[in-house]
Amino acid sequence: MLVERLNITHVSTGGLFRQAIEEGAPVGMQVRDYVESGRLVPDHLVMQLVEGFVAGQRNTGICFDGFPRTLAQAEALDAVLASYSARVHVVLVLDLPDEVALGRLMSRGRDDDDYATARYRLEVYQTATAPLIQYYTERGLVARVDGDADIDTVAQRIGNALEAIAA
Ligand code: AMP
């Protein structure tokens, strides 16, 4: 919905990894264990993938989904974008109680969505990724949205939050 509204390109790093694993691509072999266990893929592999993607997307905005997940990735992203005279415009934070997030994960049926792995991914989020909220808040880039509602409502809230930041 966001991509249509803003006319930008969506990329999910997790999606790219799952695709590489399915296709038996070399990078797929390197990341498989991480993805299946819910551990973070090493930053240099993530950045290789992202740099390749950004290089092919010169004339459109990008909505990164599941990226950056570490401070090192956020800093590396800033450097990559700067080399194109581009920058991060907004970071969307969707607030959701853990039980609601787990309920959603359990109902979508992805291979890495068994309960233990999903719980572990939430832990990884708290330790490795949540600190990014401060990194981006300091830069005035965070739009925070209550994600505990149906899809249309959350989409509406995101639209409002983005308009507020653009204003
Ligand atoms: P996702 O589709 O975003 O839930 O990601 C699925 C899995 O891919 C994660 O549990 C990680 O193993 C890996 N992954 C995806 N994005 C990243 C990232 N930015 N940094 C490290 N690992 C990632």
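In what follows, residues are counted from 1 in the order of the sequence shown. Indexing begins at 1, ligand by ligand and atom by atom, following the structure's order. Because the structure is predicted, anything quoted here is derived from the model rather than measured.
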Exercise. Give the cluster check for Leu122 versus Leu40: same hydrophobic cluster or not, with ILVMFWY residues linked at side-chain heavy-atom distances below 4.5 Å.
Key: no
Quiz item: Out of curiosity, does Val11 fall in the hydrophobic cluster containing Ile8 (side-chain heavy atoms, cut-off under 4.5 Å, transitive links)?
Solution: no
Quiz item: Of the choices Pro42, Gly66, Ala74, which has the non-hydrogen atom that lies closest to atom 19 (N) of ligand 1?
Solution: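 Looking at heavy atoms only, Gly66 sits closest to atom 19 (N) of ligand 1.
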With heavy-atom distances below 4.0 Å as the criterion, list the atoms of ligand 1 near [X].
| X | value |
| --- | --- |
| Gln73 | 18 (C), 19 (N), 20 (N), 21 (C) |
| Phe67 | 19 (N) |
| Arg39 | 11 (C), 12 (O) |
| Thr13 | 15 (C), 16 (N), 17 (C), 19 (N) |
| Tyr34 | 12 (O) |

Look at [atom] and say which protein heavy atom is nearest, naming residue and atom and giving the distance to 0.1 Å.
| atom | value |
| --- | --- |
| atom 9 (C) of ligand 1 | Arg69 NH2, 3.7 Å |
| atom 4 (O) of ligand 1 | Arg110 NH2, 2.9 Å |
| atom 7 (C) of ligand 1 | Val35 CG1, 4.1 Å |
| atom 23 (C) of ligand 1 | Phe17 CE1, 3.9 Å |

Quiz item: Which is it for Val41 and ligand 1 at heavy atoms under 4.0 Å: side chain, backbone, both or neither?
Solution: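 Both of them.
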Quiz item: How does Arg121 reach ligand 1, by side chain, by backbone, by both or by neither, if only non-hydrogen atoms under 4.0 Å count?
Solution: side chain
Quiz item: Within a strict 4.5 Å, meaning less than it, do heavy atoms of the Arg104 and Arg108 side chains meet?
Solution: no
Exercise. Would you kindly check if the NZ (Lys) or CZ (Arg) of Arg139 is within the cone defined by 45 degrees around the ring axis of Tyr135 and under 6.0 Å from the six-membered ring centre?
Key: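 Output yes; distance and angle both within limits.
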For the student: nearest non-hydrogen atoms of [X] and [Y], plus distance:
| X | Y | answer |
| --- | --- | --- |
| Ile158 | Leu92 | CG2-CD2, 3.6 Å |
| Ser37 | Tyr120 | O-CD2, 3.6 Å |
| Val80 | Val54 | CG1-CG1, 4.2 Å |
| Val100 | Asp148 | CG1-OD1, 3.7 Å |

Quiz item: So is Arg18 in contact with ligand 1, going by heavy-atom distances below 4.0 Å?
Solution: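 Right, Arg18 reaches ligand 1.
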Quiz item: Without hydrogens or angle criteria, can the side chains of Arg121 and Tyr125 be said to hold a donor-acceptor pair below 3.5 Å?
Solution: no
